[in-house]
Amino acid sequence: MSATDLLYSDPLAAATRAAAELAKRSGIPHHDIALVMGSGWVGAADALGTPTFECDAHELPGFSAPAVEGHSGKVRSYLISENGKNIRALVFLGRTHLYEGKGVEPVVHGVRTAVQAGCKVVILTNACGGINRDYSVGQPVLIRDHISLTAVSPLSGATFVDLTDLYSKRIRSIMKSADSTLAEGVYVHWRGPTYETPAEIAMMRTMGADLVGMSTVPEAIAAHALGAEVLGISLVTNAAAGITGEKLNHEEVIAAGKAAASRMGTLLKQTIPQLI
Ligand code: HPA
């Protein structure tokens, strides 16, 4: 069966196949932690050091070429050594989004592949709009919880998965010990590709939301359902629609992401050894 057919008919088998191919190509049989780098987060990956392996994601079964500017579509492996610990980090530069219209399976294929490759922790990063007026552009915010306005789940069938501690309290507290300025917020998943209207942002604020973006939530659910611990970090790249009166554009999102990413990379490198 082709990798794409398998992705839709048996997504976990497709992820197992991709993990096996990754192990074969890289010569690294097992990874410990996965990081998904969203728009503008490539600089954060660079701060992790020199990769020991890199390939185009679409060379692995079930992955497709990137559709978004600011997403390079590479998969990298890093060896992070500290205090006698050797941690293998699997890094995805870019992701597939629901707004690409391919369904939810390609959206979560990366994190499922990472878990099948051995990852026990999944760090999901993204660029987002700030709904909370206390946030400023360029500020990283830990995701404390989410609201799914797409209502799209990567799971089907009678598997009733608890999401009470979806964004691991343990990992959030390690991150806040490393950087006490980190705020926490509630992330709304919006399908896109349209940004929100000002009225929709007002509704989200009333619902208790702080951040809005077009990713992360399906991946968090898929990783958690497979037993991985999840950290979500949003980088506020713009004030959400209607807050400043300015129009939203993707170039602004990429530029703000780039400016803050290397600081976030340094923080991630410092904290990763404590997460495993
Ligand atoms: N809305 C939705 N997604 C986003 C935004 C936004 O304002 N900024 C970056 N990604």
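All ligand and atom numbering here is 1-based and tracks the order in the structure. All values reported here derive from a predicted model rather than from experimental measurement. When a residue number appears, it is its place in the shown sequence, counting from 1. In what follows, every heavy atom counts, from backbone to side chain, and hydrogens, waters and symmetry copies are set aside.
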Worksheet item: Would the number of heavy atoms belonging to other residues, nucleotides or ligands and lying under 6.0 Å from NZ of K102 be above 12?
Response: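 Buried by this count: over 12 neighbours within 6.0 Å.
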Worksheet item: Can you list the atoms of ligand 1 that are under 4.0 Å from a heavy atom of A127?
Response: 9 (C), 10 (N)
Discussion item. Please list, in number order, the atoms of ligand 1 under 4.0 Å from a heavy atom of L248.
Written reply: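 Within the 4.0 Å cut-off of L248, ligand 1 contributes 7 (O).
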Item to complete: Can you pull out the closest protein heavy atom to atom 7 (O) of ligand 1? Residue, atom name and distance to 0.1 Å, please.
Response: N238 ND2, 2.9 Å
Worksheet entry | Distance from atom 5 (C) of ligand 1 to nearest protein heavy atom, with residue and atom | G129 N, 3.4 Å
Fill in: Donor-acceptor pair between E200 and T197 side chains, under 3.5 angstrom
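T197 and E200 do have a side-chain donor-acceptor pair below 3.5 Å.
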Worksheet item: Hey, is ligand 1 close enough to W190 that some N/O pair sits below 3.5 Å?
Response: no
Worksheet item: Is there any N or O on E196 that sits under 3.5 Å from an N or O of ligand 1?
Response: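 Among all N and O atoms of E196, at least one is under 3.5 Å from an N or O of ligand 1.
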Worksheet item: Going through the distances and angles, do Y167 and E229 end up as a side chain to side chain contact (heavy atoms under 4.5 Å, CB included)?
Response: CA-CA 7 Å; Y167 301 95; E229 245 184 310; over 6 Å; no
Practice prompt. Check the pair V230, V121 against side chain to side chain contact (heavy atoms under 4.5 Å, CB included), reporting the backbone distance first and the verdict last.
Written response: CA-CA 6 Å; V230 174; V121 171; over 6 Å; no
Discussion item. Below a 4.0 angstrom heavy-atom separation, can you tell me which part of C128, side chain or backbone, both or neither, approaches ligand 1?
Written reply: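 Contact part for C128 vs ligand 1: backbone (N, CA, C, O).
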Worksheet item: Is ligand 1 under 4.0 Å from a heavy atom in the side chain of T237, in the backbone, in both, or in neither?
Response: side chain
Discussion item. Applying salt bridge (charged side-chain N to carboxylate O under 4.0 Å, His left out) to D56 and K74, what does each step give before you reach the verdict?
Written reply: CA-CA 4 Å; D56 286 325; K74 302 270 185 210; 2.8 Å; yes
Item to complete: For I243 and I131, work out which heavy atoms get closest and say how close.
Response: CD1-O, 3.6 Å
